[in-house]
Each structure stands twice: as C-alpha cells, then as structure tokens.
2 protein chains.
Amino acid sequence: MSNGASKRVTQRDVARAVGVTPATVSYALNGLPGVSDELRERIKAVADEMGFRPSRLAVGLRLGRTNTLGLLLPDVANPFYPELASGVIEGASAEGMQVFVAQVGLDGRDHAPAVSALVDSHCEGLLFTAVLPHDIPMLADLRARGVPFGFINRRIEGFDADWVGIDDFAAAKELTSLVLEGRQRVAVFGGPERSSVSAGRAAGARAALAAAGRTPLPDGMVGDLTRESGVERARALFDARGPVDLVVCGNDVIALGVMDVCHERGFAVPDDVAVTGFDDMSFASAGPLRLTTVEVPRQEMGRQAVASLRRRMLGFTGEPQVVELPYTVRRRNTA
Amino acid sequence: MSNGASKRVTQRDVARAVGVTPATVSYALNGLPGVSDELRERIKAVADEMGFRPSRLAVGLRLGRTNTLGLLLPDVANPFYPELASGVIEGASAEGMQVFVAQVGLDGRDHAPAVSALVDSHCEGLLFTAVLPHDIPMLADLRARGVPFGFINRRIEGFDADWVGIDDFAAAKELTSLVLEGRQRVAVFGGPERSSVSAGRAAGARAALAAAGRTPLPDGMVGDLTRESGVERARALFDARGPVDLVVCGNDVIALGVMDVCHERGFAVPDDVAVTGFDDMSFASAGPLRLTTVEVPRQEMGRQAVASLRRRMLGFTGEPQVVELPYTVRRRNTA
DNA sequence: CTGAAAGCGCTTACAG
DNA sequence: CTGAAAGCGCTTACAG
C-alpha cells in the first residue's frame with residue numbers, strides 16, 4: 001500500500017460491494033428516482049464507508065460541465081490582486097466551484113498561454129483582472145467558442161462584457177478635490193497607459209485640477225504600478241522641480257515609493273509634499289503611514305464577479321452586466 | 001454560433017477533416033512512431049488551423065495523470081501567503097502544471113473539505129501552507145490514498161513530510177539578540193499556539209532573552225497573526241505596564257498593530273517602545289515605517305515546494321526532504 | 001504505416 | 001424498481 005498507486009474507490013467498487021450495477025449507485029447517490037429508499041440508504045452507507053467520491057474528471061467529461069472557473073492574475077507584487085482573488089475563491093467555493101489560478105505577466109501582459117491552458121482544462125468561465133486592449137482578439141475567440149468570461153477592475157473601451165469595479169474617475173476626482181486646497185504644483189503619477197482603471201483615475205485627478213483652474217505637471221504621468229516606479233518617478237520629479245505640493249498616485253504602492261523618496265530627501269509629508277494613494281491596501285492605514293487614499297472593495301468585487309459569471313455559465317445571455325460598487329475616500333495624514 | 005454551446009474541436013473532428021481515424025491523430029500529435037512525416041505534418045496543420053486542443057479532462061481520465069496540483073491557503077488577509085502562492089503558481093506553470101487554489105479558514109482551520117474537493121478533481125499533489133497538528137488524521141488518510149503532498153512554512157512535529165521553510169528559531173533568536181541591547185521589559189507577541197512557525201519564532205525570541213539573562217513578560221504571547229490582534233494585545237500590554245522596552249512580534253502584521261497603538265498613545269518608536277516584525281512584507285521597508293524584521297524568501301519557498309512535490313508525483317519515494325532556505329535579518333528603524 | 005477496439009469513471013435514456 | 005448499453009474525448013496495445 002501507499003506505493004503511489006492511485007487508491008481511488010470507484011463507483012464500480014461500490015456497486016460490487018453492494019451487489020448492484022454502477023448505474024444504480026449513480027441513481028442512488030444523485031438522488032434520482034427509481035431506487036428504493038432502503039437500497040439507497042445502503043448504497044450511501046457503503047459508499048461513505050469505502051470513501052467513494054465521484055471523479056470530477058469523469059463527471060465533467062460525461063456532463064460537459066466541470067464546475068471550474070479560471071482566474072487570471074497579473075504578477076502579485078501588487079497586493080491588490082490577492083484580495084480580489086480571495087473574494088473570487090470564496091464566492092466560487094460557496095457555489096461548489098473550484099478555481100484554477102493562472103498568472104499572467106506584469107500589468108496583464110501575455111494572457112494567451114494562460115487562457116489556453118485554462119480552456120484546455122474545461123474551465124466553464126474565466127475572470128480577467130487586468131485586461132488590456134490588445135487582448136481583444138483573444139477575447140473575441142473565447143466568445144466565439146462560447147466560453148463565458150467577465151472583467152474585474154479593468155475593462156476595455158468598446159468591448160463590452162460583464163464587469164465589476166468602481167467608478168475610478170469619480171473617486172479620483174473626489175479625492176483630488178478634497179485634498180487640493182491651495183496646492184498649485186501637482187503631479188499625477190498614473191499607472192500603465194492602456195489600463196482603463198489607471199486611465200480613469202488619472203482623468204479624474206486631472207478633472208479635479210481643471211475644475212480648480214489648474215493643470216498637472218507633465219512629469220511621470222505613466223508608469224508601472226510598483227513601488228520602484230514610484231521611487232524613480234519621484235526622484236526625477238524632485239530633481240527637476242524640487243518638492244512639489246502634491247503627488248496624486250495611481251495606487252498605494254506607487255505612493256509608498258514616493259514617500260520613500262520624500263523620506264530619503266527629508267521632505268515632510270504632507271507639509272512639504274502631500275501624497276495620495278489609491279486602493280487602501282492594508283498597510284495604508286498603519287499608524288506611521290496614515291495614507292490618504294480611496295478604499296476599493298476588492299473582496300466584494302471578486303464575489304460579485306463570480307455571481308455574474310455564474311449566471312452566464314447557467315445560460316444567461318442578456319446584455320453585459322455592469323456592477324459598480326461603492327468606494328470610500330479615506331482622508332488621513334498624507335494629504 | 002456563440003449560443004453558449006461548447007464549440008470544442010475534438011480529435012475526431014480533426015480526424016474527419018484529414019480523413020484518418022482519431023487514433024492516427026493522437027499518434028501524430030503526440031509524436032509517436034507509426035505515422036509518416038508527411039501525414040503527421042498535414043494532421044498538425046489541420047489541427048492547428050481548426051484550433052484543436054486535447055481535452056485535459058479526457059487525457060486525465062485516460063492516463064490517470066492530470067498535471068494538476070492543489071494549493072491550500074488560509075484566509076489571505078495575511079500578505080505572506082499570496083507571495084508564497086505566486087512562487088507555487090510560477091513554478092507549476094514552468095512545468096506545465098495547473099494549480100487549483102483552495103482557501104481554508106484563518107490560521108489553517110478546516111482543511112478537510114478543501115482537500116476533499118481537490119482530491120475529487122484528481123490533483124496529483126497537494127501543497128499545504130498552514131497545517132496544524134489536528135490535521136494529522138486527514139494527512140494520514142491522504143498518504144494512505146497515495147496522494148503526494150508537501151508542507152510549506154508550517155510543519156507538524158512528529159509527522160514527517162517534505163517541507164520547505166526557514167529556520168524560524170534561529171532567525172528569531174538572531175533578530176532578538178541584535179536589537180535587545182539594554183532593553184529589560186520585553187514582550188513577545190507570538191502567533192497561534194500550534195503553528196510550528198509561530199512556536200519556533202517565539203522560542204527563538206525567548207532563547208535570545210534567556211541568553212541575556214532575561215525573561216519575557218507574560219503578556220500577549222499567543223494570538224492571531226493579524227493587525228487587530230496586535231492592536232488588542234498592545235493595548236492590554238500598555239494598559240497593564242505602560243510603554244515596555246521592546247515588543248517582538250510573530251510577524252509584520254502584528255507589528256503594524258502594535259505600532260498603531262504606539263501611535264495612538266504617543267509612544268515614540270523605537271525610543272519609547274522598540275518593535276520588531278517578521279517576514280519583511282513589502283510595506284515593512286516603506287520610508288515612514290522602516291520596520292526591523294526578518295526577510296523570508298516567500299516566492300522561493302513556493303518554487304522549491306513545487307520542485308519537491310513534482311519529484312514525488314514522478315514516483316520518488318525516498319525520505320521526506322527538508323529544504324531550509326536562507327533568511328536575512330533587516331535591522332531598520334523600529335528597534 | 002494505418003485502423004478497429006477497449007477502456008479511463010461516470011450519467012442517462014431505454015428496456016425489462 | 002433495476003439492469004445493460006452507449007457515450008463524453010482521449011490513448012494504447014493489438015491486428016492488419
């Protein structure tokens with residue numbers, strides 16, 4: 001025993017033990033009519049005792065339904081995604097579904113191989129968290145194959161699909177307006193150029209500035225959503241212009257990088273340089289940090305996305321569903 | 001088209017298109033002998049053009065090998081685990097394996113249902129990140145069924161299995177000795193009582209104190225690895241004893257909670273109260289935080305665990321493999 | 001070099 | 001109320 005050989009108990013084993021055919025075991029265990037109560041109980045008891053568990057592979061092959069969903073996550077240096085994933089996994093598990101997690105490149109580069117592997121494994125639905133416009137051909141192909149999918153967080157202009165997220169534009173505008181006050185020299189450190197989320201946040205910040213009759217500094221508007229990128233952009237910015245009044249960042253991680261540089265140069269936050277983040281990651285509220293930011297309901301986004309996807313998997317073919325969740329501006333100590 | 005019906009192209013479709021039997025398609029695509037080069041190329045071309053991809057379900061059922069691995073993660077409020085997961089997913093994907101991710105309760109409670117679902121799906125190996133001693137019966141059952149598994153991070157005293165982690169005892173001892181200096185009143189805020197990792201870290205801290213002829217304060221030794229727990233324990237501690245000299249925390253998240261309370265009470269860190277963390281999570285090095293902690297190679301732990309597990313899946317039956325990775329003590333500004 | 005057949009573990013009409 | 005048969009999509013001995 002325990003020689004590595006599969007010790008799986010099959011339906012047939014149970015059938016033999018009880019003295020019926022496998023079909024009867026199937027009927028009994030799946031609660032279909034046509035089996036006497038007494039026999040059903042006996043089969044259940046034997047199955048339990050033998051530790052029989054139907055093979056999901058066999059059931060999936062036979063039924064053409066696997067109860068499996070695929071989740072595509074970009075590189076997890078960004079703590080935004082794990083919490084999204086947690087919501088997805090929790091929501092899926094509550095519905096008896098399993099989740100294959102695949103990783104795509106930073107910022108969502110190179111979805112194709114991951115999607116292919118997921119489809120090969122009969123995922124019945126896919127959830128994308130970091131789509132970019134160049135993914136459209138792949139998505140169109142997916143749609144043609146009849147594989148349901150949904151977007152979380154990012155979406156693609158002009159390519160409709162179920163989506164769950166927040167109003168990034170409104171949130172960024174509100175945050176920026178709130179902290180703008182008299183600050184004149186304002187930099188906006190956005191995320192990747194083609195990310196709908198980053199674009200929305202940057203546009204919101206610019207709109208707030210415009211409403212106050214100001215324009216942002218042209219420095220560092222586009223970059224990765226990483227701390228390193230925040231550091232590099234902040235250094236370049238401060239080298240060129242000294243301590244500016246406010247840096248509006250595309251997420252909390254960039255803001256961390258900016259604060260690193262403020263610390264390194266001895267600029268007081270927010271007195272010399274005010275900084276805002278976005279997402280309200282767990283560390284943002286920490287005592288020594290107290291980052292001013294926007295809380296995004298990441299777990300809830302994941303859960304809602306599963307709910308939408310499940311409807312599709314069950315055959316719903318209506319218009320793309322848009323779920324816009326509430327956000328909360330958190331004004332703390334950095335702006 | 002696109003009515004939700006499965007648009008899967010099967011081997012048989014390809015066979016029909018080429019005018020051969022499905023078996024020939026299988027031989028051709030899998031590079032087996034017995035197919036002329038010319039025919040093989042033609043079959044490959046047609047398969048590609050039709051977008052044929054073998055069903056992993058069918059292949060898995062037929063071969064009894066699914067190339068799938070299951071990863072069990074506790075509640076992801078703790079950023080420790082996503083980075084571990086990233087290493088696992090990356091390592092698996094490099095080997096052509098897919099990863100089912102399942103979530104278990106906080107601190108690893110209630111593994112059983114998740115394990116069961118993973119085994120039902122024919123995962124060929126399981127990776128546990130937060131085992132507890134009471135999981136032994138479940139693990140023994142797994143072993144009896146011939147399902148290979150490995151531990152990352154936590155392990156179980158007296159239950160040998162492949163394990164990847166660091167020497168938590170040595171690391172905690174080194175860190176504590178380094179920052180101890182003249183500090184007399186020292187609290188050790190550990191993690192869950194039965195976690196091998198938390199136990200090792202706490203023991204290491206106590207050993208360092210003992211070596212200096214000191215004993216830790218009895219307050220808050222056991223608790224969850226959460227910020228809330230850090231907050232609660234710090235409040236109770238400071239209520240009872242005022243600002244102690246040093247709080248050695250079981251991880252960075254607890255330390256964050258302690259620093260929240262220092263901030264709230266106006267205690268300067270490290271001058272009034274020194275604080276150490278453990279793990280070196282990304283936020284730990286942030287300018288305003290500069291937490292003194294121990295860097296744990298989380299991604300690498302995940303990758304190595306996949307390598308060990310893969311050997312088992314390929315039939316290796318030798319002694320349990322123990323992989324102890326190097327850690328790095330990071331002395332920054334909080335102690 | 002190619003084809004027909006069995007079988008992985010299930011489910012579900014269809015007969016009895 | 002129960003059993004025999006077909007089939008989901010593959011792979012692999014086994015004949016030809």
Side-chain angles (χ1 to χ4, degrees), chain A residues 5-44 46-47 50-68 117 119-124 145-146, chain B residues 5-44 46-47 50-68 117 119-124 145-146:
Chain A
S6 140
K7 285 259 159 299
R8 242 172 203 290
V9 175
T10 69
Q11 194 183 70
R12 195 209 312 240
D13 296 331
V14 176
R16 250 198 288 259
V18 178
V20 295
T21 68
T24 305
V25 174
S26 175
Y27 285 125
L29 263 25
N30 292 321
L32 302 188
V35 186
S36 70
D37 284 355
E38 190 216 2
L39 181 56
R40 187 186 304 276
E41 287 315 313
R42 193 148 58 91
I43 289 174
K44 275 188 179 161
V46 173
M50 298 178 72
F52 168 68
R53 311 239 58 204
S55 157
R56 282 214 183 208
L57 247 44
V59 173
L61 190 60
R62 177 62 239 239
L63 260 40
R65 309 202 343 91
T66 54
N67 253 283
T68 297
V119 171
D120 291 354
S121 290
H122 292 242
C123 283
E124 293 187 81
R145 287 166 181 260
Chain B
S6 142
K7 285 258 160 298
R8 240 170 205 290
V9 176
T10 69
Q11 193 184 70
R12 194 212 309 244
D13 296 331
V14 176
R16 250 199 288 259
V18 179
V20 294
T21 67
T24 305
V25 174
S26 175
Y27 285 125
L29 263 25
N30 291 322
L32 301 188
V35 185
S36 71
D37 284 356
E38 189 215 3
L39 180 57
R40 189 187 303 275
E41 287 315 312
R42 192 148 59 89
I43 289 174
K44 275 188 179 164
V46 172
M50 297 177 75
F52 168 67
R53 311 239 58 204
S55 157
R56 283 210 182 210
L57 247 44
V59 173
L61 190 59
R62 179 62 238 237
L63 261 39
R65 308 204 342 92
T66 54
N67 252 281
T68 297
V119 171
D120 292 353
S121 290
H122 293 241
C123 284
E124 295 185 78
R145 288 166 182 262

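In what follows, every chain begins at residue 1, and chains take the letters A, B, ... in the order their sequences are listed.
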Legend entry - Side-chain N,O (B:Ser55) to OP1/OP2 (D:dG9) below 4.0 Å: no
Inset, instruction - Write down the distance between CG (A:Asn30) and P (C:dT11), rounded to a whole number of angstrom. - result: 5 Å
Inset, instruction - Give the rounded distance in Å between these two atoms: CG of B:Leu57 and P of D:dC8. - result: 14 Å
Inset, instruction - Identify which nucleotide among C:dA4, D:dG3, D:dT11 has an atom closest to any side-chain atom of A:Val20, counting heavy atoms from C-beta outward. - result: D:dG3
Legend entry - Whole-Å gap separating C1' (D:dG9) and NE2 (A:His122): 8 Å
Inset, instruction - Establish, with yes or no, whether the OP1 or OP2 oxygen of C:dG3 is under 4.0 angstrom from a side-chain nitrogen or oxygen of B:Thr24. - result: yes
Inset, instruction - Indicate, with a heavy-atom threshold strictly under 4.0 Å, whether B:Gly34 touches base, sugar-phosphate, or nothing. - result: base
Inset, instruction - Provide, to the nearest angstrom, the distance between the CD atom belonging to A:Gln11 and the P atom belonging to D:dG3. - result: 13 Å
Inset, instruction - Measure from the side chain of A:Tyr27, starting at C-beta and using heavy atoms only, and say which of C:dC14, C:dA4, D:dC10 lies closest. - result: C:dC14
Legend entry - Assigned partner base of D:dC1, Watson-Crick or wobble definition, under 3.5 Å: C:dG16
Inset, instruction - With the side chain of A:Arg62 defined as its heavy atoms from C-beta on, choose the nearest nucleotide among D:dG7, C:dT2, D:dG9. - result: D:dG7
Legend entry - Within-4.5 Å side-chain heavy-atom neighbours: B:Arg42 and B:Val18: yes
Legend entry - A:Arg53 and B:Val119, any side-chain heavy atoms less than 4.5 Å apart: no
Legend entry - Which atom of A:Arg8 lies closest to which atom of A:Ser55, heavy atoms considered: NH1-CA, 4.0 Å
Inset, instruction - Provide, to the nearest angstrom, the distance between the CG atom belonging to B:Leu61 and the C1' atom belonging to D:dC10. - result: 8 Å
Inset, instruction - Kindly indicate whether the side chain of B:Arg56, heavy atoms from C-beta on, has any atom under 4.5 Å from the side chain of A:Leu57. - result: no
Inset, instruction - Tell me whether the OP1 or OP2 atom of C:dC8 has a side-chain N or O from A:Arg12 closer than 4.0 Å. - result: yes
Inset, instruction - With the side chain of B:Phe52 defined as its heavy atoms from C-beta on, choose the nearest nucleotide among C:dT11, D:dC10, D:dT2. - result: D:dC10
Legend entry - Per A:Thr21 side chain, nearest of listed nucleotides D:dT2, D:dG3, D:dT11: D:dG3
Inset, instruction - Nearest-nucleotide wise, let me know which of B:Ala23 and A:Ser26 is further upstream toward the 5' end of DNA chain C. - result: B:Ala23
Legend entry - Whole-Å distance separating the CG atom of B:Leu32 from the P atom of D:dC10: 15 Å
Inset, instruction - Identify the residue among B:Val25, B:Thr24, B:Leu29, B:Val35 that makes a side chain to side chain contact (heavy atoms under 4.5 Å, CB included) with B:Arg40. - result: B:Val35
Legend entry - Value in whole Å for how far the P atom of C:dT12 lies from CG of A:Leu63: 5 Å
Inset, instruction - Identify whether any heavy atom of A:Ser36 sits under 4.0 Å from a base atom; if not, whether one sits that close to sugar-phosphate; answer base, sugar-phosphate or nothing. - result: sugar-phosphate
Inset, instruction - Calculate the interatomic distance between B:Leu29 atom CG and C:dT2 atom P; express it in whole Å. - result: 15 Å
